[in-house]
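What follows is a set of notes on a single structure, which appears directly below.
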Amino acid sequence: MRATQTRPTGVERTFGLDEIIVTKTDPRGVITYTNEVFLRTSALTEAEALGQAHNIIRHPDMPRAVFKLLWDTIGAGQEIFAYVLNLAVDGAHYWVFAHVTPSYDAAGGLVGYHSNRRRPDLGPVTAVKQVYERVRQAESRAGSTSAAVEAGWQALQEELGEQTYDEFVWRITNG
Ligand SMILES: Cc1cc2nc3c(=O)[nH]c(=O)nc-3n(C[C@H](O)[C@H](O)[C@H](O)COP(=O)(O)O)c2cc1C
């Protein structure tokens, strides 16, 4: 997979404060729609992006626990706001503040998911980086993938303390 071949160059990319990165996926997370801002920021062409799993831009520093929370939440029919670090296929990275929602057809069947992402402020990114780094460290100490998921989930709960992830996100966003 291309996602695992791309090496982070350490170059940070941003996009406009007035821009929104949009993608849609099928129920399994396969990309079915992208806007131009997504393609430019991710260094992809539309032909390269459509039909790919969304982990095509997964950054290795992102904790598994955050994606578990994302899928658990949208899989339960709820929306989620999350800070995500992405890896463009040219190796640059970019932070987003994402809002992911389920989409339904007229009969109430799940069609897929829709993500809108804005450029986050530096303050919340600094806060979220510290939390994600500790969760990621807990994951990388684990001996297997399933142990990593468990350890990361545990570490995320410890980092959040009394707050839910949603409460944490809004506290740092409005902070
Ligand atoms: C609508 C939608 C948008 C997503 N956007 C991203 C994204 O921008 N970056 C990302 O790494 N994963 C995104 N994901 C999550 C991926 O599907 C995947 O769970 C994640 O990249 C972790 O991949 P892995 O399980 O291979 O580690 C999105 C999922 C959905 C449903």
Side-chain angles (χ1 to χ4, degrees), residues 1-9 12-15 19-46 48-105 109-120 124-125 128-129 131-133 135-140 142 144-153 155-156 165-166 169:
M1 290 281 296
R2 199 166 178 178
T4 51
Q5 285 173 4
T6 304
R7 285 189 175 208
T9 57
E12 177 150 26
R13 178 163 298 139
T14 57
F15 52 103
E19 291 186 310
I20 299 183
I21 293 180
V22 182
T23 55
K24 295 183 193 178
T25 72
D26 73 3
R28 293 180 309 131
V30 172
I31 298 170
T32 55
Y33 171 84
T34 70
N35 73 347
E36 190 276 324
V37 189
F38 172 81
L39 296 173
R40 175 180 13 107
T41 314
S42 306
L44 283 163
T45 65
E46 188 176 49
E48 286 171 323
L50 296 181
Q52 296 296 321
H54 219 310
N55 67 5
I56 188 172
I57 51 159
R58 188 203 202 293
H59 195 291
D61 289 352
M62 271 299 290
R64 291 176 190 280
V66 175
F67 293 120
K68 172 178 161 45
L69 180 67
L70 182 145
W71 278 102
D72 286 355
T73 305
I74 62 177
Q78 288 155 11
E79 62 179 359
I80 185 167
F81 290 88
Y83 284 92
V84 179
L85 175 64
N86 280 328
L87 183 62
V89 301
D90 62 0
H93 62 268
Y94 63 94
W95 280 95
V96 298
F97 183 41
H99 180 212
V100 190
T101 56
S103 305
Y104 302 100
D105 63 22
L110 182 72
V111 176
Y113 301 102
H114 187 151
S115 181
N116 285 292
R117 310 153 178 96
R118 286 185 178 276
R119 179 171 137 187
V125 167
V128 90
K129 253 187 201 168
V131 168
Y132 284 7
E133 200 172 305
V135 174
R136 191 66 195 154
Q137 276 168 11
E139 291 178 354
S140 59
S144 66
T145 305
S146 59
V149 171
E150 182 61 35
W153 190 252
L156 181 61
Y165 180 81
D166 194 57
V169 157

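Order of listing sets the numbers, starting from 1, for every ligand and every atom in it.
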Do [X] and [Y] come close enough that some side-chain heavy atom pair is under 4.5 Å?
X	Y	answer
Arg118	Ile20	yes
Thr73	Tyr165	no
Thr34	Leu44	no

Provide, to 0.1 Å, the distance between [atom] and the closest protein heavy atom, together with that atom's residue and name.
atom	result
atom 13 (C) of ligand 1	His54 ND1, 3.9 Å
atom 12 (N) of ligand 1	Phe67 CE2, 3.3 Å
atom 10 (C) of ligand 1	Asn86 OD1, 3.5 Å
atom 5 (N) of ligand 1	Arg117 NH2, 3.0 Å
atom 27 (O) of ligand 1	Arg58 NE, 2.6 Å
atom 30 (C) of ligand 1	Thr25 CG2, 4.1 Å

> Got a sec: does the CD of Glu46 have more than 12 other heavy atoms crowding it under 6.0 Å?
Replying inline: no
Ring-plane angle category for [X] and [Y], please: parallel below 30°, perpendicular beyond 60°, tilted otherwise.
X	Y	result
Phe15	Tyr94	perpendicular
Phe81	His99	parallel
Tyr113	Trp71	perpendicular

> Any salt bridge between Glu133 and Arg136, counting N to O under 4.0 Å?
Replying inline: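 Salt bridge absent between Glu133 and Arg136.
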> Counting only non-hydrogen atoms of the protein, does one fall under 4.0 Å from atom 25 (O) of ligand 1?
Replying inline: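 No, there is no protein heavy atom closer to it than 4.0 Å.
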If I apply the N/O under 3.5 Å rule, does [X] come out as touching ligand 1?
X	result
His114	no
Trp71	yes
His59	no

Interfacing atoms of ligand 1 (cut-off 4.0 Å, heavy-atom, [X]):
X	answer
Ile74	31 (C)
Ser115	1 (C), 3 (C)
Val100	1 (C)

>> Pair Val100, Leu70 - check side-chain contact (heavy atoms from CB on, under 4.5 Å), show working.
In response: CA-CA 8 Å; Val100 190; Leu70 182 145; 4.2 Å; yes
> Which of the listed options, Asn55, Leu85, Ile57, Leu87, holds the heavy atom that is closest to atom 21 (O) of ligand 1?
Replying inline: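 Going through Asn55, Leu85, Ile57, Leu87 one by one, Asn55 has the nearest heavy atom to atom 21 (O) of ligand 1.
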>> Please determine whether any non-hydrogen atom of Val96 lies less than 4.0 Å from an atom of ligand 1.
In response: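 Under 4.0 Å: no for Val96.
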>> Checking Ser42 against Arg13: is there a side-chain donor and acceptor pair closer than 3.5 Å?
In response: no
